[in-house]
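Have a look at the structure below, then the notes.
Please read these numbers as outputs of a predicted model, since none were measured by experiment.
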Amino acid sequence: MSWHRGTLVGFDLETTGTDVESDRIVTAALVRLDPDGTVAEQRTWLLDPGVVIPEQASAIHGIGTDHARKHGARAASAVEEIARAVAEVLCSDVPLVVMNARYDLSLLDRECRRYGLPSVEERVGGAPSPVIDPLVIDKHVDKYRKGKRALQALCDHYGVTLDRAHDATADAVAAVRVVRRMGERHRPVATLPPEELHALQIRAAAEQSASLQAYLRRTTDPAAVVESAWPVIPRMR
């Protein structure tokens, strides 16, 4: 059976910003969807990130500093739970669907490092796999389509409803439903075993980064460097 017709688990983070090296997790969701598309199981977390949540971030996901401090779990214990839960999914060989995995999985990696916890990579004994990233796949199968590639844009393009954008649970569910539609629409992707699809995304993500880097160097920034690693950016030494 093709991967898009089987069980999939969506993962999403909402955070304090966009820098994987310095920003923190505010909310997280891990949602298992059965082959018929129904939500079979979900886990969610609200963290006190230990820092002030910038107003720009709060405006996106709706969680302010006071709310997180009052109702959020201690960051270190919550990060441990999140990393352990993600590792358990990967060890079960169920594909993990993560929109823009390069960001979410790298930030989770840095949070583990921040609190002296084993990373997902250390827990599974290698790079997190199999991961399915709707952003990378969409750019691979439809590279010349104009317009945005954010989750809401992909939902619109593939006919998936997203009522609560930037809610971690809603985004995780939507990402799974988007990749299912991708599998239905793009058979060459759907017929790949998850491990081969993962390997294809590593190559595709590197090609996409190289293309963007060349464009930026040609148009706006001659010294631009665009990260090529996927799904986790290597830690800076």
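Atom OG1 of T27 and atom CG of D167 lie 7.0 Å apart (nearest 0.5 Å). Between the CD atom of E227 and the CD atom of Q213 there is a distance of 10.0 Å, given to the nearest 0.5 Å. The structure places CG of D138 at 6.0 Å from NE2 of H157, a figure rounded to the nearest 0.5 Å. Here CG of L105 is found 11.0 Å from CD of E121. Values are rounded to the nearest 0.5 Å. With rounding to the nearest 0.5 Å, the separation of CD1 in I233 from CZ in R102 is 6.5 Å. The structure places CG of D156 at 4.5 Å from CD of Q152, a figure rounded to the nearest 0.5 Å.
By the 4.5 Å heavy-atom criterion applied to side chains, P49 and I53 are counted as neighbours. At least one side-chain heavy atom of W3 sits less than 4.5 Å from a side-chain heavy atom of I132. Counting heavy atoms from C-beta outward, V39 and R32 have side chains that stay 4.5 Å or more apart. Contact of the L33 side chain with the Q42 side chain is not registered, since no non-hydrogen atoms from C-beta on lie closer than 4.5 Å. L162 places none of its side-chain heavy atoms less than 4.5 Å from the side chain of V173. Using a 4.5 Å heavy-atom cutoff, the side chains of P231 and D133 are not in contact. Proximity of C112 to V79: side-chain heavy atoms (C-beta onward) are separated by under 4.5 Å at one or more points. Side chains of P128 and V232 form a contact here, defined as non-hydrogen atoms less than 4.5 Å apart.
I82 is connected to L90 through a chain of hydrophobic side-chain contacts under 4.5 Å among Ile, Leu, Val, Met, Phe, Trp and Tyr, so both are in one cluster. Linking ILVMFWY side-chain heavy atoms closer than 4.5 Å, directly or via other members, places V131 and L192 in two distinct hydrophobic clusters. If you chain together hydrophobic residues whose side chains sit under 4.5 Å apart, L46 and F11 never meet in one group. V31 and V86 sit in two unconnected hydrophobic clusters of ILVMFWY residues. Membership requires side-chain heavy atoms under 4.5 Å apart, directly or through other members. Hydrophobic clustering (ILVMFWY, side-chain heavy atoms < 4.5 Å, transitive): M99 and L200 are in one cluster.
No donor-acceptor contact under 3.5 angstrom links the side chains of T169 and R43, judged on distance only. For the residue pair D23 / T16, a side-chain donor-acceptor distance below 3.5 Å is found, with atom types taken as modelled.
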Where do R84 and E81 land on the salt bridge (charged side-chain N to carboxylate O under 4.0 Å, His left out) test, with the steps shown first? CA-CA 5 Å; R84 184 170 65 247; E81 290 181 8; 5.2 Å; no
Determine, step by step, whether R123 and E80 satisfy the salt bridge (charged side-chain N to carboxylate O under 4.0 Å, His left out) criterion, reporting the C-alpha distance in whole Å, the side-chain angles of both residues, the deciding distance to 0.1 Å, and the verdict. CA-CA 11 Å; R123 293 167 196 263; E80 165 62 29; 2.7 Å; yes
Chi angles and distances behind the side-chain contact (heavy atoms from CB on, under 4.5 Å) call for L30, L96: CA-CA 9 Å; L30 201 63; L96 183 72; 3.9 Å; yes
For V98 and D12, what are the C-alpha separation, side-chain angles and deciding distance, and is it a side-chain contact (heavy atoms from CB on, under 4.5 Å)? CA-CA 6 Å; V98 191; D12 187 75; over 6 Å; no
Could you go through R74 and D48, starting from their C-alpha distance and side-chain angles, then the distance that decides it, and tell me whether this counts as salt bridge (charged side-chain N to carboxylate O under 4.0 Å, His left out)? CA-CA 6 Å; R74 190 170 62 90; D48 173 4; over 6 Å; no
Any chance you could lay out the side-chain contact (heavy atoms from CB on, under 4.5 Å) test for R69 and V52, step after step, and finish with the verdict? CA-CA 9 Å; R69 286 175 175 169; V52 173; 3.9 Å; yes
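Shortest non-hydrogen contact noted between A73 and A78 is CB-CB, 4.2 Å. Heavy-atom minimum distance, P134 versus L154: O-CD1, 3.9 Å.
A tilted orientation is assigned to the rings of W230 and H198, their planes being inclined by 30° to 60°.
Salt-bridge formation is not detected for the pair R164/D171: no Lys NZ or Arg NE/NH1/NH2 atom is positioned less than 4.0 Å from an Asp or Glu carboxylate oxygen.
Remark: H4 engages no residue in a ring pair (Phe, Tyr, Trp, His ring centres under 6.0 Å) (not counting sequence neighbours).
Each ring pair (Phe, Tyr, Trp, His ring centres under 6.0 Å) pair with one or both residues in residues 69-118, not counting sequence neighbours, appears once here: H67-H71.
Panel note: side chain S119, backbone E122; a donor-acceptor pair is recorded below 3.5 Å.
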